[in-house]
Amino acid sequence: MSRYNARVVEPKWQAAWEQAEAFKAERDEAREKYYVLEMFPYPSGRIHMGHVRNYTMGDVVARYKSAKGFNVLHPMGWDAFGMPAENAAMDKGVHPGDWTYQNIADMRAQMKPMGLSIDWSRELATCDPEYYGQQQAMFIDMMDKGLVYRKEAVVNWDPVDMTVLANEQVENGRGWRSGALVERKELTQWFFKISDYSEELLTAIDGLTDWPEKVRLMQKNWIGKSRGLQFNFETIGAPDGHDQLEVYTTRPDTLFGASFAAISCDHPLAKALETNPDVAAFNTECRQMGTTEEALEKAEKKGFDTGIRVVHPFDKGWEIPVYIANFILMGYGTGAIFGCPAHDQRDLDFARKYGLGVTPVVCPEDQDPDQFSIGHEAYIGPGRIINSRFLDNMTVGDAIAEVNDRIESRGIGVAKTNYRLRDWGVSRQRYWGCPIPVVHCAECGVVAEKKENLPVELPKDVAFDRPGNPLDRHETWRNVPCPRCGGAAQRETDTMDTFVDSSWYFARFTAPRAETPTVAADVDYWMNVDQYIGGVEHAILHLLYSRFFARAMNLTGNLPKKAIEPFNALFTQGMVCHETYQNPEGKWLTPEEIRPVDGGYETLEGQSVTVGPSIKMSKSKKNVVDPEDIIDQYGADTARWFVLSDSPPERDIEWTAAGANAAWKHINRVWMLCDKIAEMDLATTGTGDDELLQAMHKTIHDVTVNIESFGFNAAIAKLYGFTNTLTKSKASAAAQKQAIVTMAQLMAPMTPHLAEDIWAHQGSQGLVAQAPWPKADPAMLIDNTVTLPIQINGKRRDEIVVAKTLPKEEVEKLVLENETVQKVLAGATPKKLIVVPGRIVNVVV
RNA sequence: GCGGGCGUGAUGGAAUGGUAGACAUAAGAGACUUAAAAUCUCUGGGCCUUGUGCCGUGCGGGUUCGAGUCCCGCCGCCCGCACCA
């Protein structure tokens with residue numbers, strides 16, 4: 001009897017696949033293609049269990065689809081630009097490029113032993129000039145099509161480090177390195193006009209039927225279409241040029257409940273008032289809040305009474321105070337609102353704080369309008385309009401229409417559809433990103449680089465010993481002739497958001513070495529991505545930007561019309577979690593730093609260990625398990641089997657040593673079974689061949705259905721079940737051999753190395769990786785009899801076994817003859833008898 | 001704060017509105033063994049009055065012959081919030 005040794009077997013089959021070029025994807029118009037893609041990783045240098053789970057899922061799909069006869073494309077690349085490389089440069093003095101390429105080499109070396117069916121010949125990194133040069137070409141094309149523009153936008157500014165900070169680099173309003181209070185600063189930045197596509201991106205969501213409903217909802221809410229009214233108030237006491245204040249509201253029906261107006265601290269009027277030191281101080285305070293919407297919304301609502309008043313559009317004598325408020329965003333609507341505290345919680349909180357009036361103007365149907373008042377909760381539901389003169393007694397909808405009509409007919413405003421989606425700011429004041437291929441010329445202005453000069457490569461000789469962007473101070477790189485007039489000019493030193501890099505890599509994979517961004521024949525054949533797999537944390541930004549970019553690429557001729565929705569199906573997988581451990585001092589401990597004792601753990605030094613909840617694996621909590629260690633110890637198949645087995649793919653999975661060990665034991669059990677069967681004399685007869693083969697066909701059917709529907713854990717449960725059946729079977733050698741070979745095929749997407757070894761051990765020809773998927777015989781799936789539970793008043797009390805084809809009347813007769821039913825009925829007739837054929841019987845008494 | 005999701009035994013989870021707990025882990029008992037490991041077999045939601053019993057899918061209501069599943073209201077946890085990737 002031989003034992004299964006993953007350490008020997010796995011590299012052997014990986015070499016066999018490589019030699020057979022089993023996963024090389026070649027365009028072949030005669031075959032139907034299938035494109036599987038997992039979200040490509042950031043090259044941090046170490047793979048983690050989240051990667052293992054993600055790529056294993058993709059690999060199951062890729063190997064399954066390949067067995068089903070599809071021409072599969074399953075590539076891998078690196079999302080290689082970004083801040084960590086610059087941080088490493090600052091901390092360790094290494095060049096971001098060297099650091100990144102070393103990490104890529106390390107991670108690739110950790111991934112290869114997983115046995116993924118990846119076409120490595122298509123590997124790319126977004127920091128390859130070969131890649132980002134094509135991205136620059138598309139940027140220029142997009143400029144030509146009017147999809148790119150510049151405008152002022154606010155950034156987090158660290159006044160000590162003299163640098164722009166990312167939101168994650170701002171901690172409690174201070175820069176993470178300097179500790180200085182962060183300011184909001186306005187810079188001229190590059191934008192993509194994603195807002196041109198707001199409506200298109202919204203309506204097209206309805207066509208994404210194979211995306212999770214939650215992701216589609218999140219995108220719809222993010223785009224945030226609203227119908228509203230944009231109109232002008234006349235102002236009293238405002239500086240010159242501000243005799244009107246334009247506001248946007250989605251609730252024009254509440255206009256008679258208005259008790260204040262509020263503007264953003266970045267609103268032109270607020271800026272114009274900064275000659276008043278109190279206003280300047282308040283605005284400065286607002287600007288120290290950070291730029292995230294979250295910070296804005298969570299912060300205590302504060303306002304500053306400007307002393308300016310606006311006149312109610314329907315009552316010349318009604319003056320409303322204008323506040324500068326810290327919760328109004330300049331980027332949404334007009335950066336100014338009117339507040340109706342009775343029907344908006346934020347406005348209500350604000351009004352209570354500053355002692356402003358709260359007049360209810362919408363009364364719920366079941367309330368008496370004379371008694372209805374607002375306490376601590378705003379009323380945002382439907383109802384009848386009250387306290388609103390000509391609007392009284394209208395519905396909310398009618399009142400909105402009426403106010404819109406009156407405002408429009410007076411020419412002081414217009415009903416308008418608004419979107420929450422803002423244009424995509426792509427400028428980053430950093431070195432390690434794709435340079436924006438533009439030159440600033442004193443004569444010609446902003447000029448795109450000539451395409452033949454692409455790529456605009458990042459200079460290698462840079463240093464990070466000083467704050468700021470090294471591109472800004474790199475004289476020879478920066479000073480170049482103007483592409484148009486040839487005069488002295490300067491390169492743009494902003495680089496692109498890394499989301500740009502990841503917005504088209506899936507298209508580049510179809511022709512990764514081409515000298516144009518894409519090649520028509522290749523994108524036509526391979527696009528779209530048939531199955532995209534990644535974390536739900538990308539539900540909005542990455543996926544929405546990619547949808548936009550695909551449309552832009554279509555406009556610039558780089559992508560066919562059919563690919564403007566690039567991902568046919570999307571699956572979002574859960575995270576990998578692990579228990580957390582702390583010593584008595586509260587220090588986090590890794591799973592290697594503890595050992596089990598009765599009912600718990602202790603440190604290797606014998607200290608007691610507090611076990612915390614299972615949370616996402618993270619370096620800071622030290623609850624990480626290194627995939628490399630697991631693969632060394634158990635082999636890749638064990639790791640793959642375990643990350644698929646215990647939890648539904650969309651949900652979080654808890655990594656446990658016991659679970660990994662169980663997966664390993666099972667792989668060995670299957671191998672032993674295979675070995676036992678291989679040693680049987682093929683002429684050996686037995687009993688129960690039919691039962692075994694029926695179980696086999698049912699397993700083929702169940703596993704197939706479960707893989708198709710991403711029920712990998714359920715597929716594995718069925719394979720466990722079939723292993724038990726086969727272990728106990730007394731069937732003939734021929735039937736058992738057929739069963740074990742079929743099982744190898746069914747396991748191949750999850751445990752490809754074991755499957756190959758069983759396949760070879762049973763004397764099958766070629767590779768499982770290139771064998772067709774087994775087919776379930778429909779005739780073998782039908783049971784002749786069925787066990788029917790009998791419920792009495794909805795509770796299961798007994799069961800009967802009947803022929804599957806038995807008519808309903810016959811079933812009813814049998815049920816009424818049933819002993820348990822007779823006892824309960826005691827001679828009476830049931831009130832109701834429900835027979836669901838093949839399912840259940842319910843007797844209502 | 002806003003948007004989205006999730007919640008079932010000791011544990012991970014299964015279950016087209018139709019037998020709740022498949023499959024697996026931990027635990028217990030047994031077989032084999034000088035012993036241990038490994039392997040195999042059995043038990044495996046809770047309660048009591050042990051019955052044709054009662055309770056049980058985060059909590060409270062509702063719809064239905066029948067609800068883990070559908071609806072309403074809570075609670076808890078997780079993800080995203082536009083410069084992390």
Side-chain angles (χ1 to χ4, degrees), chain A residues 39-42 44 79 81-84 153 155-156 164-170 189 212-215 217-222 224 291-299 301 327 331 345-346 349 420-430 497-499 502 535-542 544-545 572 574-575 577 613-616 645-648 650-654 656 658-659 661-663 665-666 668-669 672 711 713-714 716-721 724 727 787-799 819-820 823-824 830-834 836 839-844:
Chain A
M39 290 179 186
F40 67 165
Y42 179 80
S44 62
D79 190 11
F81 274 135
M83 292 199 308
V155 294
N156 297 306
V164 176
L165 298 177
N167 285 332
E168 71 153 19
Q169 296 176 317
V170 180
Q189 306 202 63
E213 189 54 42
K214 61 176 172 184
V215 174
L217 238 184
M218 281 191 260
Q219 291 217 349
K220 281 184 185 172
N221 290 335
W222 185 262
T291 54
T292 74
E293 196 168 315
E294 185 190 2
L296 244 57
E297 296 269 343
K298 272 188 178 166
K301 305 293 174 283
F327 56 89
Q345 192 60 45
R346 198 171 53 184
D349 296 343
R420 207 183 74 98
L421 180 65
R422 313 201 289 259
D423 273 335
W424 176 9
V426 295
S427 280
R428 297 292 181 270
Q429 294 71 36
R430 301 183 200 293
D497 178 8
T498 57
F499 274 124
S502 57
V536 71
E537 66 272 20
H538 295 294
I540 295 172
L541 293 181
H542 162 60
L544 191 61
Y545 288 152
T572 56
M575 301 179 301
C577 301
S614 185
I615 52 174
K616 181 182 178 175
S645 67
D646 254 22
S647 291
E650 68 276 14
R651 236 189 277 178
D652 291 350
I653 186 174
E654 185 180 359
T656 60
N661 200 51
K665 285 201 309 203
H666 184 255
N668 280 283
R669 196 179 302 136
M672 305 277 256
N713 58 324
I716 283 178
K718 297 291 179 191
L719 287 164
Y720 269 117
N724 292 338
T727 304
T787 304
L788 228 46
I790 298 177
Q791 290 185 336
I792 292 165
N793 290 337
K795 286 196 176 171
R796 183 188 163 279
R797 284 294 128 99
D798 205 346
E799 58 187 33
E819 206 182 321
T820 312
K823 229 178 248 179
V824 173
K831 279 188 195 154
K832 216 170 181 181
L833 186 57
I834 296 148
V836 185
R839 276 276 171 205
I840 204 162
V841 178
N842 193 8
V843 186
V844 185

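Numbered from 1 within each chain, the chains take letters A, B, ... in sequence-line order.
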Exercise for the section: Give a yes/no on whether any side-chain N or O of A:K832 is located under 4.0 angstrom from OP1 or OP2 of B:C65. Expected result: yes
Problem - C1' atoms of B:C77 and B:A29, separation to the nearest Å - result: 38 Å
Practice task
Spell out, as yes or no, whether a donor-acceptor pair under 3.5 Å connects the side chain of A:Q189 to the backbone of A:V426.
Solution key: no
Problem - Electrostatic pair A:E293-A:R420, nearest N-O below 4.0 angstrom - result: yes
Handout entry: Span that lies between the C1' atom of B:G5 and that of B:A38, in whole angstrom
Key = 43 Å
Practice task
Would you give a per-nucleotide map of nucleotides 15-25 of chain B, 5' to 3', where B means the base has a protein non-hydrogen atom under 4.0 Å away, S means only the sugar-phosphate does, and - means neither?
Solution key: -B-BB--BSSS
Exercise for the section: Quick one: do A:V844 and A:N793 satisfy side chain to side chain contact (heavy atoms under 4.5 Å, CB included)? Show the steps, please. Expected result: CA-CA 5 Å; A:V844 185; A:N793 290 337; 3.7 Å; yes
Practice task
Test side chain to side chain contact (heavy atoms under 4.5 Å, CB included) on A:V170 and A:T292 and set out the steps.
Solution key: CA-CA 10 Å; A:V170 180; A:T292 74; over 6 Å; no
Practice task
Go through the steps for A:V836 and A:N842 under the test side chain to side chain contact (heavy atoms under 4.5 Å, CB included), then give the verdict.
Solution key: CA-CA 8 Å; A:V836 185; A:N842 193 8; over 6 Å; no
Fill in the blank from the handout: Per-nucleotide protein contact along nucleotides 78-85 of chain B, 5' to 3', at a 4.0 Å heavy-atom cut-off (B base, S sugar-phosphate only, - neither), is SSSBBBSB
Exercise for the section: Indicate, with a heavy-atom threshold strictly under 4.0 Å, whether A:P648 touches base, sugar-phosphate, or nothing. Expected result: sugar-phosphate
Practice task
Mark yes or no for whether A:K832, through its side chain, and A:P830, through its backbone, hold a donor-acceptor pair below 3.5 Å.
Solution key: no
Completion exercise
Rounded to the nearest 0.5 angstrom, the CD-CG distance for A:Q219 and A:L217 is 10.5 Å
Problem - Residue pair A:R346, A:E297: steps toward the side chain to side chain contact (heavy atoms under 4.5 Å, CB included) verdict - result: CA-CA 9 Å; A:R346 198 171 53 184; A:E297 296 269 343; 3.3 Å; yes
Problem - Distance between C1' atoms of B:U64 and B:A10 (Å, rounded) - result: 34 Å
Practice task
Establish, with yes or no, whether the OP1 or OP2 oxygen of B:G12 is under 4.0 angstrom from a side-chain nitrogen or oxygen of A:S647.
Solution key: no
Exercise for the section: Hey, which sits more toward the 5' end of RNA chain B by its nearest nucleotide, A:N221 or A:T820? Expected result: A:N221
Fill in the blank from the handout: Writing each nucleotide of RNA chain B 5' to 3' as (, ), [, ], | or . by Watson-Crick or G-U pairing under 3.5 Å yields (((((((..(((.....[....))).(((((.......))))).((((..).)))..(((((..]....))))))))))))....
Handout entry: C1'-based separation of B:U8 from B:G58 [nearest Å]
Key = 10 Å
Exercise for the section: Would you classify B:G9 as syn or anti? Syn applies when the glycosidic angle is within 90° of 0. Expected result: syn
Exercise for the section: Please measure how far the C1' atom in B:C71 lies from the corresponding atom in B:C81, and state the result in whole Å. Expected result: 30 Å
Handout entry: Exercise: identify the closest heavy-atom pair between A:T572 and A:P212
Key = OG1-CG, 4.1 Å
Practice task
Using the P atom as the reference point in each nucleotide, state the distance between B:G7 and B:U69 in Å, no decimals.
Solution key: 11 Å
Handout entry: Distance between C1' atoms of B:U25 and B:U43 (Å, rounded)
Key = 16 Å
Practice task
Would you indicate, yes or no, if B:G7 has its OP1 or OP2 atom less than 4.0 angstrom from a side-chain nitrogen or oxygen of A:R651?
Solution key: yes
Exercise for the section: Kindly give the heavy-atom pair with the smallest separation between A:P789 and A:E799, and that separation in Å. Expected result: CA-CB, 4.0 Å
Exercise for the section: In whole angstrom, give me the gap between the P atoms of B:A67 and B:C74. Expected result: 24 Å
Practice task
Name the orientation class of the two ring planes belonging to A:W424 and A:Y545 (parallel below 30°, tilted from 30 to 60°, perpendicular beyond 60°).
Solution key: parallel
Fill in the blank from the handout: Between A:T498 and A:D79, the two heavy atoms sitting closest are O-OD1, 4.2 Å
